[in-house]
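Structure first, then comments.
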Amino acid sequence: MTEVYNVQEVERKWQRIWEESGIYQVDDDDTRPRSYVLCMYPYPSGAAHQGHVKNYTFGDLNVRFRTMKGEAVLSPFGFDSFGLPAENAAIRTKIHPREYTDARIDELRSSVKRLGAVFDWRRESKSHDPSMIKWSQIIFARLYEAGLAYKAEAPVNWCPGCQTVLANEQVNSDGTCDRSGDIVERKNLSQWFFRITSYADDLLEGLDSLDWPERVKTMQRNWIGRSVGAKMKLKVAGLSDYSIEVYTTRPDTSFGMTYAVIAPEHPFVELITSSKIQDEKWKIDNVVSPEFSVSEQNSREIQDFVQSVKNLSDVDRVTTTSERPKRGIFTRCSVMNPFTGKLVPLYIADYVLMTYGTGAIMAVPGEDQRDYDFAKVFDLPIIRTVAPPEGFEGDAYTGSGEKINSEFLNGLSIEEAKSKAISWLQERDLGVASTQYRLRDWLISRQRYWGCPIPIVYCDKCGTSTVPVDDLPVLAPDDVEFLPTGESPLARHAIFSKAVCPKCGGPATRETDTMDTFVDSSWYFLRFCDSFNSKEPFSLTALEEWMPVDQYIGGIEHAILHLMYARFFTRALSDLSLVPKSLKEPFARLFTQGMIRMDGSKMSKSKGNLISPEQYFDGVGADALRLFHLFIGPPGDDFDWTGQADEMIEGCSRFLKRVYRVAVNEYVPTKVQDSESKLLREFTHRIIEKATIDYERWSYNTVVSGAMSLCNQIYKGISNGADSSSVDEAIDILIKLLAPMTPHICAELWSIRHDGEIVHLQKWPTPDQALLSSVKETLVVQVAGKVREKFEVDGSITEQEALALSMGSQKVLSFLANGSASRVVYRLPKLINLIP
RNA sequence: GCCCGGGUGGUGGAAUGGUAGACACGAAGGACUCAAAAUCCUUUGCUCGCAAGGGCGUGCGGGUUCGAAUCCCGCUCCGGGUACCA
């Protein structure tokens, strides 16, 4: 009897059974040990693509494996359903973003189900659901009350082609718009921010405790960019009340300062170019001496320079090469080096950024390459304060060495000189030790419709207030017009923007900006722990039950943004007692899967190089496609989708059919060979051991190869006369080992072989230790490190026995010139190495 | 520029100091078949040899070790991140 495996029918059947039986639904009163496995919730862009297939295959496999190991696994699913594409579609097609998004969600949900991935669907969440909007707004209000949300003016990205404001992540690294390719411009707008910088140190230190890929942790550390140094004040010559504060990480090099630089946006630029500075009365009031000599003419030159810099795109501004040397202009002002009392010239240059440190630097061309480059262009002196090694021929020397030309610092190391210089400054009240971060506050305002409205009203009398909880959620109206004007439809809406002040009851204006969609993804994993709570976003007790996420799975592209924001939220909400005090980190363990590439670039809808999973669901089936994604290599590696992929998927399908045939056909041995039965049993139990280890270390490709070997061994056992109990055992083990990976076929086979039982509720197999220890080992005999002979030996072989066996081989002896070894290295029972 | 990864057969990859190339894909040959598909069997790193067997081989050059794809030093090529952060 050979039954044909009907892929489509069987996969549909089991998908229905899993959904109806609710075996992957978990509740708070579950008595099994708990765990929480989560895939990053997706933006619903329609049917799943290969990246989703890979992601949810890893997630599903973890859920099923842990369940078979006896855990109650929280496995929820949701949709990151706010965002620009739906709004752009609305502008194009006039279909409302909600209608568009709901349709895409249905497509994605359906293809995730066709993959056979199991979730507790009762907990499904969508960012655009009014209840989720309400919780987001409550959380925003709490952050606002705690001073962690504030409004300030800031430059935003504006795409002239799309006529809209863009999120940072939609701007390419070369400063162009991700969609239209236009060069993005800067505009100043009043914006809402989250004060993530006040958690900079916590976020940095928290990384140490996380079981995350080192790569991701390094990226976050660099992004936070903590640096320690000193701030000091440089007096401006001729302006007795004015000084310019600079930040440096190298206070030890202060004696090498030959000029100073301020950013074009520095407030001092405004002062020296304003007309009032030419006013005689102002000069007397502010004690200006003749040393201060900015004339109207210089002032105009300076203004011209600053304007020319502001006209540059961000890309051009950060580019300085040999063809495009450093730009700057002399201010005609001098500042005093506090260490030497000497005056040095003050320049304005755009290689100094207003957004970092104090927006002003002391320039030390001897020990900083950027300062060196600038000094060469403007012919400024260069003084070395660290002795470079003999024969050093570079420009700036940034290495270690002895301090020189630095008076009381001479002879010290850089580190010693740093702390001595800082104490010197502090004793004289001229400067302080200071720590700076590259991390900026998180700009969350979006001038868009399809996002969570910021629940704020502005009153002329009472100022800014949050919308009272009873009035939440603030929902965007449906009767808006989607036009490509760049202005949010909400701002144009006559009624929405009008509000009542919650404090005085008078007329007020409503905030029309919505939140960045990364706000939604910063707490959705908390909601999953308490999806049925209608009173609050989540309760402390539910979070104590399930958080933190034990295994988080997603793409490396979220290494900084989402993963940093979610960490910030968890810490901030912990400090506000909205999540348990002890919960500081949301994701204990993170896995970042590899990318699917095609022709060198990421496979994506926008690149038009999608290979749809649906065609495989319709053909070889979900199991074969899942197996392919698991088998092609280590889960974290990128994969290039070539013409051979289809052949490999076909191979996976062939393997599953091979398993099916051997499992459904009754085996009646003709002549039983006891040695073959023993061999098969030993092999089976070795594979249990290996596969279990490999599952736990995320080496799924080798789990698959182990399962293939076991299948080959079963066929061999059958043709060589293994008894039926050893064959049955091997087949059952094979089905269990494959069950987390290819769930449909395994469920079907187990059900056929075991009278309707559910394989995914079976206990995970454990190897029989007695069988493992009775296994014959291969003893490799090396002569001078080269393999010359092999013997099948007992695991307990002694050194004497191994040596005697080796020396008994003519072949081994022929490589030993005088018939004996001067030294023997034993690694029994695997290896013996004879050195002549 | 700086910071990470990585380089193993025709291809995807295995091997965490101890048999390099597991397991697959592809290819070649064979069995079954009127034929094809499906399935099964054999071969498949390079090279010398009729064979037995030998030599070479994990990007390149050195080192440590009885033994190195694996550890260390220098180089090279490819991929990713980041970009004047003082």
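Here is the naming used below: chain letters follow the sequence lines, and residue numbers restart at 1 for every chain.
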- Item | Short side-chain donor-acceptor distance under 3.5 Å, Arg823(A) and Asn833(A) |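 Not at all, the side chains of Asn833(A) and Arg823(A) share no donor-acceptor pair under 3.5 Å.
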- Donor-acceptor pair between Tyr351(A) and Asp371(A) side chains, under 3.5 angstrom: yes
- Nearest listed nucleotide, side chain of Phe631(A), among rG12(B), rG13(B), rU19(B): rG12(B)
Between [X] and [N], does any side-chain N or O lie under 4.0 Å from OP1 or OP2?
| X | N | value |
| --- | --- | --- |
| Asn222(A) | rC4(B) | no |
| Arg654(A) | rC25(B) | yes |
| Tyr247(A) | rA86(B) | no |
| Arg438(A) | rU82(B) | no |
| Lys786(A) | rA20(B) | no |

- Name the pairing partner of rC2(B), where a pair is Watson-Crick or G-U wobble with both distances under 3.5 Å, or state none.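 Its partner is rG81(B).
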- As its Watson-Crick or G-U partner within any shown strand, both distances under 3.5 Å, rC60(B) has rG74(B)
- Task: Output the residues of residues 709-722 of chain A in contact with RNA chain B, where contact means a heavy atom of the residue under 4.0 Å from an atom of the strand; sort by number or write none.
- Result: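 Ser709(A), Asn712(A) - these, ordered by number, are the residues of the stretch whose heavy atoms sit under 4.0 Å from the strand.
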- Item | Nearest-angstrom distance, C1' atom, rA35(B) to rC25(B) | 27 Å
- Task: Determine the interatomic distance between P on rG30(B) and the same-named atom on rG49(B); round to the nearest Å.
- Result: 26 Å
Please list, pair by pair, any protein nitrogen or oxygen found under 3.5 Å from a nitrogen or oxygen in nucleotides 66-69 of chain B.
from, atom 1, to, atom 2, distance (Å)
rC66(B), OP1, Arg823(A), NH1, 3.3
rC66(B), O4', Arg823(A), NH1, 3.4
rC66(B), O2, Asn833(A), ND2, 2.4

- Message: Whole angstroms only, please: what is the CH2-P distance between Trp223(A) and rC2(B)?
- Response: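 So the two atoms are 21 Å apart, to the nearest Å.
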- Separation of rA52(B) C1' from Gln810(A) CD (nearest whole Å): 15 Å
- Task: Hey, which sits more toward the 5' end of RNA chain B by its nearest nucleotide, Tyr437(A) or Glu647(A)?
- Result: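 Its nearest nucleotide lies further toward 5', so the answer is Glu647(A).
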- So which one's nearest nucleotide on RNA chain B is more toward 5', Arg226(A) or Lys657(A)? Lys657(A)
- Message: Go through it in stages, so that I can follow the logic: the residues are Tyr616(A) and Ser653(A), the test is side-chain hydrogen bond (donor to acceptor under 3.5 Å, both in side chains), and I'd like the CA-CA distance, side-chain angles, deciding distance and then a yes or no.
- Response: CA-CA 10 Å; Tyr616(A) 299 102; Ser653(A) 168; over 6 Å; no
Categorize [X] for me: base, sugar-phosphate, or nothing, with a 4.0 angstrom heavy-atom threshold over every strand shown.
| X | value |
| --- | --- |
| Phe655(A) | nothing |
| Lys790(A) | base |
| Ile361(A) | base |

- Query: Taking the six-membered ring for Trp, are Tyr565(A) and Trp442(A) parallel (under 30°), tilted (30 to 60°) or perpendicular (over 60°)?
  - Reply: parallel
Give each protein N/O atom lying under 3.5 Å from an N/O atom of nucleotides 15-17 of chain B, with the pair distance.
from, atom 1, to, atom 2, distance (Å)
rA15(B), OP1, Arg697(A), NH2, 3.2

